[in-house]
Amino acid sequence: MVSLSTWCRYLVHKIEYSFTLSWKSYKRGQISDRELHDAVWKNVFQGKLTFLHWSKGEAMAPTIGEQGGTLLVRKIPSADPNRIFVGDVIVVKDPENSDNYLVRRLAATEGYEMVSKDEKDGPFVLEKDQCWILADNEKLKPKEAKDSRLFGPVPMTDIVGRVIYCLRTAVDHGPVQNSHYSMRKDSPVLEVELDVDDMVKNHKA
């Protein structure tokens with residue numbers, strides 16, 4: 001049973017998400033002044049803050065099993081350092097194939113100084129709206145891990161969500177370890193929208 005205070009916190013997140021999403025559409029000229037108000041309330045009452053995503057491969061082991069996992073992903077309407085934090089597991093567009101998505105951990109954001117593994121290159125600072133993503137599996141080489149060590153920084157705008165729950169099997173599932181701040185922010189969303197039975201039904205393994 002979800003408590004009233006949790007519902008209130010969840011509703012605040014829904015309103016913030018709906019307003020951000022609608023304002024983005026308005027600024028792009030996709031909706032008019034009159035449609036802006038309707039779009040906000042439509043998203044509040046009809047939309048969900050999460051979606052399911054299937055991920056497979058050893059890059060994120062042990063967070064996500066090599067056999068794959070069904071992930072509950074919180075939608076991020078506008079990825080910026082106030083909504084996404086270092087330490088979060090994110091879903092991001094594949095820089096090498098925009099039709100695909102990668103699940104990786106956010107290792108650094110704008111302003112971070114990065115040290116190159118190539119001694120010929122000096123340190124560099126991530127520019128505005130850039131981030132650095134890494135696989136959890138430290139045993140993999142950069143090419144196998146397919147992360148920023150291979151293709152460099154990625155735009156924050158390519159982040160579509162934060163992974164908040166992982167179902168590996170019907171009996172092996174639980175919340176994903178993200179930054180402390182994100183886990184606190186996501187807790188009401190998890191309480192209201194998590195449906196393990198639905199995740200089991202959609203599981204591909």
Side-chain angles (χ1 to χ4, degrees), residues 13 16-17 20-21 23-24 49-51 53-66 68-69 71-166 168 174-190:
H13 285 308
E16 191 259 347
Y17 170 80
T20 306
L21 197 65
W23 184 248
K24 216 161 111 179
L49 294 179
T50 59
F51 64 92
H53 177 74
W54 169 255
S55 178
K56 192 174 181 180
E58 54 186 342
M60 287 303 288
T63 306
I64 302 165
E66 291 180 24
L71 311 176
L72 185 68
V73 182
R74 178 172 177 179
K75 299 172 188 172
I76 302 294
S78 180
D80 60 53
N82 296 316
R83 289 189 175 93
I84 294 281
F85 306 92
V86 170
D88 290 352
V89 176
I90 56 170
V91 178
V92 61
K93 288 178 187 171
D94 185 341
E96 297 177 330
N97 182 356
S98 58
D99 290 334
N100 289 339
Y101 292 92
L102 300 174
V103 177
R104 296 292 182 267
R105 197 173 290 275
L106 188 62
T109 54
E110 60 183 68
Y112 273 69
E113 185 174 82
M114 311 300 295
V115 180
S116 175
K117 296 225 169 181
D118 191 333
E119 291 176 7
K120 295 180 219 160
D121 299 328
F124 62 96
V125 175
L126 290 177
E127 295 175 12
K128 186 172 168 53
D129 296 330
Q130 284 188 333
C131 65
W132 195 263
I133 59 172
L134 294 174
D136 272 5
N137 192 342
E138 294 175 359
K139 296 175 188 170
L140 299 181
K141 292 173 183 170
K143 271 191 179 178
E144 299 166 324
K146 204 175 178 186
D147 57 22
S148 286
R149 293 171 296 169
L150 177 68
F151 43 66
V154 297
M156 290 284 283
T157 48
D158 283 355
I159 298 172
V160 296
R162 175 168 53 240
V163 181
I164 59 176
Y165 201 89
C166 175
R168 299 166 200 85
V176 168
Q177 191 66 43
N178 288 313
S179 66
H180 173 73
Y181 189 62
S182 290
M183 291 187 79
R184 204 176 66 197
K185 279 183 78 171
D186 294 337
S187 65
V189 179
L190 199 54

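The shortest side-chain heavy-atom distance between Ser179 and Leu106 does not fall under the 4.5 Å cut-off. Here the side chains of Asp129 and Thr157 are not in contact, with every heavy-atom distance at 4.5 Å or above. No side-chain heavy atom of Thr109 sits under 4.5 Å from any side-chain heavy atom of Ile84. Counting heavy atoms from C-beta outward, Val176 and Ile164 have side chains that stay 4.5 Å or more apart. Within the 4.5 Å cutoff, side-chain heavy atoms of Arg104 are placed close to those of Lys146.
Ion pair Glu16/Lys185 not flagged as a salt bridge, since none of the NZ, NE, NH1 or NH2 atoms sits closer than 4.0 Å to an Asp/Glu carboxylate oxygen.
Of the possible polar contacts, one joining the Lys24 side chain to the Pro77 backbone as a donor-acceptor pair under 3.5 Å is found.
Contact between Asp88 and Ser182 at its shortest, heavy atoms only, is OD2-OG, 2.8 Å. Ile133 and Asp147 make their closest contact through O-CB, 3.2 Å (heavy atoms, listed as atom of the first residue, atom of the second, distance). Shown here for Lys75 and Thr50, the closest heavy-atom pair between the two residues is CE-O, 3.7 Å. When all heavy atoms of Ala61 and Glu66 are compared, the closest pair comes out as CB-CG, 4.1 Å. Listed here is the closest heavy atom pair of Met156 and Pro81: CE-N, 4.0 Å. The two residues Arg162 and Ile76 come nearest to each other via the heavy atoms N-CG1, 4.0 Å.
Rounding to the nearest 0.5 Å gives a distance of 8.5 Å between NZ of Lys128 and CG of Asp80. Rounding to the nearest 0.5 Å gives a distance of 11.0 Å between CZ of Arg74 and CG of Leu72. Taking CG of Leu49 as the start and CG of Asp186 as the end, the distance is 9.5 Å to the nearest 0.5 Å. Put simply, CD on Gln177 and NE2 on His180 are 10.5 Å apart, with the number rounded to the nearest 0.5 Å. How far OH of Tyr101 is from CG of Asp158: 9.0 Å, rounded to the nearest 0.5 Å. Taken from NZ in Lys93 to CG in Asp99, the straight-line distance is 10.0 Å, to the nearest 0.5 Å.
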| task | Test side chain to side chain contact (heavy atoms under 4.5 Å, CB included) on Met60 and Ser55 and set out the steps. | result | CA-CA 9 Å; Met60 287 303 288; Ser55 178; 5.8 Å; no
| said: Would Glu96 and Leu150 count as a side chain to side chain contact (heavy atoms under 4.5 Å, CB included) here? Give the steps. | reply: CA-CA 10 Å; Glu96 297 177 330; Leu150 177 68; 3.9 Å; yes
| request: I would like to know whether Arg105 and Thr63 meet side chain to side chain contact (heavy atoms under 4.5 Å, CB included); could you show each step before the answer? | output: CA-CA 10 Å; Arg105 197 173 290 275; Thr63 306; 3.5 Å; yes
| said: Using the rule given for side-chain hydrogen bond (donor to acceptor under 3.5 Å, both in side chains), can you reason through Arg83 versus Thr20, listing the C-alpha separation, both sets of side-chain angles and the distance that settles it, and then say yes or no? | reply: CA-CA 12 Å; Arg83 289 189 175 93; Thr20 306; 3.2 Å; yes
| task | Apply side chain to side chain contact (heavy atoms under 4.5 Å, CB included) to Leu126 and Met114, showing your working. | result | CA-CA 7 Å; Leu126 290 177; Met114 311 300 295; 3.9 Å; yes
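Phe124 and Trp132 have tilted rings, their planes meeting at an angle from 30° to 60° on a 0 to 90° scale.
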